[in-house]
Amino acid sequence: MFFTYEQPDFDINDPKEILRVLEEAYHNGCENCRAGKVADYIPELAKADPDDFGLCVRSMSGETASFGETEKRFSIQSISKVINLAAALKFLGFRETFSHVMMEPSGDAFNSILKLDMTSDLPFNPMINAGAIQVMSMLSNIMGFDELLEFARAFCMDEGIVLNEAVYRSEAETGDRNRAIVYLLQSKGVLQGDPAVTLDLYFKMCSLNVNAKTLANMGLMIANKGQNPFTGEHIIHPGYMRTIQSLMFTCGLYDESGEYGVRVGIPSKSGVGGGIAAAVSGRWGIGTYGPALNKKGNSCGGIAALEHLSHLLQLNVFD
Ligand code: GLU
């Protein structure tokens, strides 16, 4: 852990040094996988190999540095919440989206129901399950899964994204907490769509198959303010990136977002499938895959690698 601030004693813009640091970060990630366990509350996720680890970094000009398991597909899980939010901002706008979900970190686990019932009518933010389900209820009135999938492919610059049917079935069979959330929102009169349709879309978006490179692409899209740097196509308005990155920074790693902000300090989103997508504004997209998770549900390897590279290359937004 690097809790102290030391100036690196090498040129952080030298491509050779950058590659050296990325490789070190990858090895650091591999070593730290041992500390975690794969998620098993969705039975299909328990099949992942806890020793898998991959790191992919992509730049605006298309340079790619890949180490380890960067091609293996796994389910995106909560990282889809960023895509859902981006779709809501694009197709519904800022005002409508945030009329139905707040922008506050909850400090609770991703699937917590407690504060939703006790202290507020609207879900705290779009990065936790309650908020993402609420966003999905709004989207369910204007688009179906096929359109959302098309948007996900454009946003992540990956035409290879498909639904992982086995994970989807496993989620739908075991998603009782999410069913509780959707009906709690309905009972409060705040849900914006049909509960069953909403939940089905939510489960499907969590079950998209991605790899570390897809997540690096997603980070790159965000780092490049919603424009595909390779084709020039604008996928979402640049003005929305401040909102997306702020929410990733404050709420993207569940109830570990504060510590992650201190240790890594790059807007990121994690998922219990083992992925982390990170956006280094104006510069890079970073994707990691390491299904061994810590107690908060975040990838042990991913956090270790990101902390290493952020510290040594001074990528914390406050550096
Ligand atoms: N599909 C998972 C759930 O709703 C997503 C959890 C996550 O990645 O945080 O429980």
Side-chain angles (χ1 to χ4, degrees), residues 75-103 110 122-123 125-164 168 171 178 181-182 185 190-195 197-210 214-215 217-228 231 233-248 251-252 267-271 275 277 279 285:
S75 62
I76 189 168
Q77 294 300 329
S78 266
I79 305 168
S80 62
K81 292 174 167 94
V82 177
I83 303 173
N84 304 341
L85 172 62
L89 289 169
K90 180 181 171 97
F91 298 111
L92 297 165
F94 182 92
R95 198 184 294 259
E96 171 64 9
T97 301
F98 290 103
S99 309
H100 303 293
V101 61
M102 300 193 291
M103 307 177 204
F110 63 96
L122 292 181
N125 67 74
M127 298 293 145
I128 54 171
N129 287 18
I133 288 171
Q134 178 73 333
V135 165
M136 209 42 105
S137 76
M138 296 178 230
L139 286 172
S140 71
N141 296 319
I142 56 161
M143 60 207 297
F145 176 66
D146 288 347
E147 286 146 296
L148 266 169
L149 176 60
E150 198 182 314
F151 178 74
R153 286 174 174 162
F155 191 70
C156 298
M157 299 181 272
D158 179 2
E159 286 302 309
I161 299 179
V162 290
L163 179 69
N164 182 325
Y168 164 60
E171 291 240 11
N178 291 322
I181 289 172
V182 86
L185 290 170
V190 297
L191 193 76
Q192 298 299 303
D194 174 79
V197 175
T198 296
L199 214 50
D200 189 59
L201 271 181
Y202 172 80
F203 288 144
K204 282 187 171 144
M205 288 303 285
C206 287
S207 308
L208 298 182
N209 253 357
V210 293
T214 318
L215 299 182
N217 281 350
M218 180 202 273
L220 195 57
M221 173 63 66
I222 296 166
N224 199 36
K225 297 210 176 331
Q227 183 181 19
N228 182 323
T231 64
E233 194 187 349
H234 288 275
I235 305 300
I236 111 164
H237 191 281
Y240 290 139
M241 284 308 149
R242 185 185 286 179
T243 304
I244 293 175
Q245 283 181 282
S246 300
L247 287 166
M248 288 169 78
C251 314
S268 305
K269 181 74 197 88
S270 62

Any heavy-atom pair between the side chains of [Y] and [X] that's under 4.5 Å?
X	Y	answer
Asn178	Leu199	yes
Ser99	Leu122	no
Ile161	Cys156	yes
Gln134	Leu191	yes
Pro123	Leu185	yes
Val101	Leu85	no

Those residues that, when tested against [X], pass ring pair (Phe, Tyr, Trp, His ring centres under 6.0 Å) (two or more places apart):
X	answer
Tyr168	none
Phe145	none
Phe203	none

Find the distance between [atom1] ([X]) and [atom2] ([Y]) and round it off to the nearest 0.5 Å.
X	Y	atom1	atom2	value
Thr231	Met157	OG1	CE	8.5 Å
Gln227	Met221	CD	CE	8.5 Å
Thr243	His237	OG1	NE2	11.5 Å
Ile128	Leu247	CD1	CG	11.0 Å
Ser270	Ile79	OG	CD1	6.5 Å
Leu148	Met136	CG	CE	5.5 Å

Applying side chain to side chain contact (heavy atoms under 4.5 Å, CB included), can you list everything that pairs with [X], at least two apart in sequence or on another chain?
X	value
Ala132	Lys81, Tyr202
Asp194	Ala196, Val197
Ala152	Ile83, Met205, Leu208
Ala88	Leu92, Thr97, Val135, Leu139

Requested in this report: For side-chain contact (heavy atoms from CB on, under 4.5 Å), just list the numbers for Ser78 and Lys269, CA-CA rounded to whole Å, side-chain angles, deciding distance to a tenth of an Å, and then say yes or no.
Outcome: CA-CA 8 Å; Ser78 266; Lys269 181 74 197 88; 3.7 Å; yes
Going by the rule side-chain hydrogen bond (donor to acceptor under 3.5 Å, both in side chains), which residues pair with [X] if we only count those two or more places apart in sequence or in a different chain?
X	answer
Ser75	Gln77
Asn217	Arg58
Gln192	His100

Report task. Would you please classify the geometry between the Phe98 ring and the Phe94 ring as parallel, tilted or perpendicular, with 30° and 60° separating the classes? Result -> tilted
**Report entry** Residue pairs fulfilling side chain to side chain donor-acceptor pair (under 3.5 Å) with at least one residue in residues 146-160, sequence neighbours excluded
**Finding:** Arg73-Asp158, Asp158-Thr214
Between [X] and [Y], what is the shortest heavy-atom contact and its length?
X	Y	value
Gly275	Leu215	CA-CD1, 3.8 Å
Asn141	Gly193	OD1-CA, 4.0 Å
Gln245	Pro267	O-CB, 3.7 Å

Query - Lys204: partners by salt bridge (charged side-chain N to carboxylate O under 4.0 Å, His left out), with sequence neighbours left out - result: Asp200
